[in-house]
Q: 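Got a structure here, written out as structure tokens. Questions coming.
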Amino acid sequence: MQARLLLEDGTLFTGLGFGAEGQSSGEVVFNTGITGYQEVLSDPSYCGQIVSMTYPLIGNYGITRDDFETVAPFIHGFVVRRHEPIPSNWRAEYSLDHLLKEHGIIGISDIDTRMLTRILRHHGTMKGILTTGSERVEELLERMSVTPLMRDQVARTSTKSIFSSPGSGERIVLVDYGAKSGILRELTKRGCDVVVVPHDTTAEQIRRLNPDGIQLSNGPGDPKDVPHAVKMIQDLLGEYPIFGICLGHQLFALACGADTSKLKFGHRGGNHPVKELATNRCYITSQNHGYTVLEESVAGTKLEVTHINNNDRTIEGLKHAEFPAFSVQYHPEAAPGPLDNSYLFDQFLDMIRATKKNNPQKSRQAQLAASLRGELQYAQK
Ligand SMILES: NC(=O)CC[C@H](N)C(=O)O
């Protein structure tokens, strides 16, 4: 079956279709990971995007239930050089083709993904349409020009209702802006008592859950499309320790008065070098973002830059000068990518314990009682 990928600038790629049939549009981006296509496909931060993998062989190890980063993928299309339909892997439960068909995602293979990447690097990311139909190019270009990119991805990908993953350790409220499962996995692995809440949960509702700390998740789209989250963070800053990841980092920066803007073609892959300024140490990180915190906007705020990207010097980490709050632009939960940065979750828990020590408040029993009251009020709201 023939499939086509048409870019906003008129560049047309003709290849072979796999996965679902039909037509879909979105922002075309590229990911440089060599492995991890399943985690990429299921990362909610790709909601509304057509993802092209620069590694040329995709599908060879199949799909495994355990490797999903969310229940259902939100991406709008998948572009590969060569698609391997028959997996060779003892863990494989089914094929990539099967996954795409099941979730209505169109795949295209046998196109020059190096050329596509060079175009995107040169011009910046663009809108695109993937189709297995026989529409005229002019018609598709017209459709693309009148179809704006999505702005409501966070509401689409966030959990619709509150749920908990109980543990006997610190109580963490994980604000889900389209969270990857890896974040919850890292917190529960450390014994945390995690309560996952929807993206539009207010500061007051979070207080009622009596958290020890607040984790702001990754998520799709422009951080400026989520103003209610910025307000919530401003309300709780200084009251609870906060750790922001990716979109959570950008929202934290906006809440502290810094600004964000769109990168030309973003950072998506498993090997982005990041320098920790305090130690001059380089970490290899997993990344997936199209926006960044603007360096010049940090001056005059209470934020300090802790990490920078060694490729393009953009900001990769921030901390608050007065309050227990920090954030990173990359993914310490990895999935896919290197595990080097999971220590940041330990750092978050250390920060929580230090905050508690300096602030000997209510007994654990009183906290639990307050927490129970809060949950009841939340449920009755
Ligand atoms: N992975 C993320 O959280 C991405 C953040 C934001 N949507 C961006 O593209 O910059």
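Every number for a ligand or one of its atoms is a count from 1 in the order of the listing.
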Q: Answer yes or no: is there an ion pair linking D225 with R151, defined by an N-O contact shorter than 4.0 Å?
A: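 Looking at R151 together with D225, the answer is yes, because their closest N to O distance falls below 4.0 Å.
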Q: Could you tell me whether some N/O pair between Y291 and ligand 1 is separated by less than 3.5 angstrom?
A: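 Yes, at least one N or O pair falls under 3.5 Å.
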Q: List every atom of ligand 1 that sits less than 4.0 Å from any heavy atom of S45, numbering the atoms from 1 in the order shown and giving each element.
A: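 Matching atoms, with element in brackets: 1 (N), 2 (C), 3 (O).
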Q: At the 4.0 Å heavy-atom cut-off, does H331 count as touching ligand 1?
A: yes
Q: What heavy-atom pair brings V293 and Q250 nearest, and what distance separates the two atoms?
A: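 Scanning both residues completely, I find the closest heavy atoms to be CG2-CA, 4.3 Å.
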Q: Consider every N or O of Q250 and every N or O of ligand 1, then say whether any pair is closer than 3.5 Å.
A: yes
Q: To the nearest 0.5 angstrom, please state how far the CD atom of E27 sits from the CD atom of E8.
A: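 With rounding to 0.5 Å, CD (E27) is 9.5 Å from CD (E8).
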Q: Can you list the atoms of ligand 1 that are under 4.0 Å from a heavy atom of P220?
A: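 Checking each atom against P220, I get 7 (N).
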Q: Say whether I245, considering both its backbone and side-chain N or O atoms, lies within less than 3.5 Å of an N or O atom on ligand 1.
A: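 By distance alone, the answer is no.
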Q: Are there over 12 heavy-atom neighbours, none belonging to K319, within less than 6.0 Å of that residue's NZ?
A: no
Q: According to salt bridge (charged side-chain N to carboxylate O under 4.0 Å, His left out), who are the partners of E239, at least two apart in sequence or on a separate chain?
A: R207
Q: With a heavy-atom distance limit of 4.0 Å, tell me whether C246 approaches ligand 1 through its side chain, its backbone, both, or neither.
A: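 Both of them.
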Q: Flag Q329 as yes when one of its N or O atoms lies below 3.5 Å from any N or O atom of ligand 1, and as no otherwise.
A: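 In fact, backbone or side chain, Q329 has no N or O that close.
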Q: Please determine if R190 and D346 form a salt bridge, counting it only when a charged side-chain N lies under 4.0 Å from a carboxylate O.
A: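 Yes, this pair counts.
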Q: Looking only at protein heavy atoms, which one is nearest to atom 6 (C) of ligand 1, and how far off is it?
A: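 Scanning the protein heavy atoms, the shortest distance from atom 6 (C) of ligand 1 goes to G221 O, 3.2 Å.
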Q: Could an N or O of ligand 1 be found under 3.5 Å from any N or O of N288, whether backbone or side chain?
A: yes
Q: Taking atom 4 (C) of ligand 1 as the point of reference, which of G290, G219, G248 owns the nearest heavy atom?
A: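 Nearest heavy atom to atom 4 (C) of ligand 1 lies in G219.
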Q: Please determine whether a side-chain nitrogen of the Lys or Arg among E69 and R185 lies less than 4.0 Å from a carboxylate oxygen of the Asp or Glu.
A: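 Judged by the 4.0 Å cut-off on N to carboxylate O distance, E69 and R185 do form a salt bridge.
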Q: How about CD on E135, more than 12 heavy atoms from neighbouring residues, nucleotides or ligands closer than 6.0 Å, or not?
A: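 Atom CD in E135 is packed in, count exceeds 12.
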